Amino acid sequence: MSETGRILVDTATRLFQNIVTPRELARAEAGEWPQDAWKAVEELGLPLALVPEDQGGFGIDPVEALAAVRVAAAFALPLPLGESMLANRLLAGAGIDAPGGALSVASAAIPAGRPAYPIDLVPENGGWRLTGVARRVPWGGKVSGVVVVAEAAGVPHVALVPAGRFEVAPGTNLAGEPRDDLTFDCVMEPSQVAPAAGVTPEGLRAAGAALRSIQIAGALARVLEMTVQYANERSQFGRPIGKFQAIQQSLAVLAGQTAAAAAAADLAAEAITAPAGDHRIAVAKARTGEAASVAAAIAHQVHGAIGFTHEHSLHHLTRRLWSWRDEFGNDAEWSRRLGHAAIAAGADGLWPMITAA
Amino acid sequence: MTVFTFPAPPPADVEALRAEVRDFLATELAARRPRDRARSWSGFDADFSRKLGERGWIGMTWPKAYGGHERSALERYVVLEEMLAAGAPVAAHWIADRQSGPLLLKVGTEEQRRTILPRIAAGECFFCIGMSEPDSGSDLAAVRTRATPVDGGFRVTGTKLWTTYAHKSHYMILFCRTGGQEERQGGTSQLLVDLNTPGVTIRPIADLSGEHHFNEVVFEDAFIPDSALIGRMGDGWNQVMGELAFERSGPERFLSSFTLLVELVRALGNDPSDRAREAVGRLTAHIVTLRRLSRSVAGMLQNGENPALQAALVKDLGALVEQEVPEIVRGVVSVEPSLQADTELAAVLAHTILNAPAFSLRGGTREILRGIIARGLGLR
């Protein structure tokens, strides 16, 4: 990691340590928008960290920029940081002025096996009409705008839909993070819609999956830390439970899953700006999803009853892990996609596909 | 520090080398059946090893002065993983290239380096590991094989066990006791043993499928000269631990069942079920991730770091996946495993099932590895 990257991570870590308090988490979960926390994040410039330098960004390596998302996840930051980073990148790429404030993203891609509510973008009176439903959009009802990627006449377009231009049916994930259904039926001005540069609806969904993979890795790192610490502090039978081999073996498995998730998330971070057809994001979402499942179970087992209480902070991370693994496609879906490609590559093409990833 | 660091593998321009290795293997292994490829790094073929030596693919990272080729660890990694993915018979030179050679390079005498390393790199000199004993498996510090200093050398008495390919190797690196039993780790040393030494007897031990890879190597007052001492007297434990970082992190720790996955993909053909696609995709995700972790360790070794913890972690994760492959195959195709089967999938499945128990035993059991990881977490 470069000096800039290290400074970014250190600064972000200090910031999140200060702003993510138990009270702030509780308030966010109760539906309040943490405006002060968001302002602090914005003042650091983090939402613009994925914007390329020639489009007005800071010229940070995307992998290092996404390290901030990993750290945010370790603190369970209740804000759409990753989503805003993606949205600003999409807007900059399409040459649409970013409105400032928190943003979210919605892809017109329809996940396999779900009922279709197509999002349509059609020219109308010199502008555009956007219709359709976007399901479970992160913080969709809280942000200042949603960036939609949809096809118009077969060409992917980016549309910036300001808050107030769509209907919001609020919902949440298991961790109480807003996941809102948005119904669009609005006329957009020409300045709010532009052809997307190298992004498709599918590509945006993959970028979302990459974000969640990175967040899972970040949360797991903290879960491991907390669990090891607890095992060293909690005494039963006259010694810390971490001295028992049964606990040690479990924690070793937890460490293994955490390391695997971190490596898989590295692949996702490297691939987030890559063209479609790259398999690394599928690898990452499949692998981090499985790691989340195994690791959260061990963390709770070691924490015992106290970790199952609302008072203890472990659930802020584990409920996010259980949510994130299913968002933007669960591990089964991404495994199937990867498997489809692997089987299509054939017995002789499988290994070259692996070394190319 | 409770989170182990795996830095991104160093960038390496290896694609030309990879293509060269693939071309070589496509020709050399054209007639090798999947059921033989399934032997992975247990397949022994001295002629094949000699050919690799001629190509410069053994001892790749060693100095040219000792017959090496001064290539990077990542270049070596490419050769290893291509060999394993193709099911090449690499067993003859594997141990020497992986750990015996590097050990000699690091702590061996100049004479040992000059006489042995060029022969290893040429693919002409094979090594076996002399660590385990009848009463010393996971508890390596309990070794009892004793080397007693005498005029001009040592008299060695004791028994080494599970010595893979001792019957086809030229040398063993013997881990033995040169101090008192009560000293445990401190009283140990390593000796370079010519397996033709009088007083050294190699007896076969058949594995559960009846095959002969293992041996028992008995030392009966065998004379080993002073010049065979590797490194320093009493430093055996530290030296062995250094060897293990090389032993535990390579691509052989997650590719042992790879031929079975290849044959599964072949059998699934053009119209796989969703369940089959999910299963193959999941395994692919695991392998890609393990490969990244393993290459990261190769980079750390190249930088002279000591990634013993990371290596233990790679091996633990890798063995889980290797052992899962047969279960997954059973879940998506209907096939009875049989070594005599006409179909390659059935034969490869049979071979893998019969060898899978060893994947989490050899090179450190799962429980020992997890103990090492737990120590790294600060729990012990």
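Remember, predicted model here, so these are calculated numbers, not experimental data. Chain naming here is simple, since letters A, B, ... match the order of the sequence lines and numbering starts at 1 in each.
In this structure, chain A has heavy atoms under 4.5 Å from both the backbone and the side chain of B/Glu367. Looking at B/Arg292, the atoms closer than 4.5 Å to chain A (heavy atoms on both sides) all sit in the side chain, from C-beta outward. Only the side chain of B/Arg18 comes within contact range of chain A, with at least one heavy atom under 4.5 Å from a heavy atom of that chain. B/Leu309 does not touch chain A: none of its heavy atoms, backbone or side chain, sits under 4.5 Å away. Only the side chain of A/Asp348 comes within contact range of chain B, with at least one heavy atom under 4.5 Å from a heavy atom of that chain. Using a 4.5 Å cut-off between heavy atoms, B/Arg22 touches chain A through its side chain atoms alone. Interface remark: B/Gln310 contributes no atoms to any contact with chain A (heavy atom separation under 4.5 Å). Looking at B/Arg291, the atoms closer than 4.5 Å to chain A (heavy atoms on both sides) all sit in the side chain, from C-beta outward. If you measure heavy-atom distances from B/Leu379 to chain A, the contacts under 4.5 Å come from both the backbone and the side chain.
Residue B/Glu278 holds its CD atom at 11.5 Å from CG of A/Leu338, rounded to the nearest 0.5 Å. In this structure, the separation between CD on B/Glu263 and CG on A/Leu350 is 11.0 Å, given to the nearest 0.5 Å. In this structure, CZ in B/Arg277 is found 10.5 Å from CD in A/Glu333, a value given to the nearest 0.5 Å. Atom CG of A/Asp266 is separated from atom OG of B/Ser296 by 8.5 Å, given to the nearest 0.5 angstrom.
Chosen from B/Val78, B/Leu283, B/Val288, the residue pairing most often with chain A at heavy-atom distances under 4.5 Å is B/Val288. When A/Lys285, A/Arg280, A/His279, A/Glu270 are compared by the number of non-hydrogen pairs under 4.5 Å with chain B, A/Glu270 comes out ahead. Contact tally against chain A (heavy-atom pairs below 4.5 Å) for B/Val314, B/Leu261, B/Ile287, B/Asp274: the top residue is B/Asp274. Note: A/Ala332 leads A/Ala332, A/Ala286, A/Ala264 in heavy-atom pairs under 4.5 Å with chain B. Ranked by heavy-atom pairs shorter than 4.5 Å toward chain B, the options A/Ser335, A/Ala262, A/Gly339 are led by A/Ser335. The residue among A/Thr355, A/Val63, A/Val283 with the most heavy atom pairs within less than 4.5 Å of chain B is A/Thr355.
The shortest non-hydrogen separation linking A/Ala342 to B/Val280 is CB-CG1, 3.9 Å. Shown here for B/Leu293 and A/Ala263, the closest heavy-atom pair between the two residues is CD2-CB, 3.5 Å. Of all non-hydrogen atoms in B/Thr284 and A/Met353, the two that sit nearest each other are CG2-CE, 4.3 Å. Contact between B/Val265 and A/Gly346 at its shortest, heavy atoms only, is CG1-C, 3.6 Å. Scanning all heavy atoms of the two residues, the minimum distance from A/Ile354 to B/Phe258 falls at CD1-CE1, 3.8 Å.
Along residues 238-250 of chain A, the residues that come nearer than 4.5 angstrom to chain B, judged on non-hydrogen atoms, are A/Gly242, A/Lys243, A/Gln248, A/Gln249 in order of number.
Using a 4.5 Å heavy-atom threshold, the side chains of A/Glu290 and B/His286 count as touching.
Under a cut-off of 6.0 angstrom, the local environment of NE2 in A/His340 is sparse, with at most 12 non-hydrogen atoms contributed by other residues, nucleotides or ligands. For B/Arg330, the CZ atom is densely surrounded, since the number of other residues' heavy atoms within 6.0 Å is greater than 12. Around the CD atom of A/Gln301, the shell of radius 6.0 Å holds no more than 12 heavy atoms that belong to other residues, nucleotides or ligands.
The residue from A/Val228, A/Asn232, A/Leu254 that alone fulfils the side-chain contact (heavy atoms from CB on, under 4.5 Å) condition with B/Leu377 is A/Val228.
For the residue pair A/Trp351 / B/Glu81, no side-chain donor-acceptor distance below 3.5 Å is found, with atom types taken as modelled.
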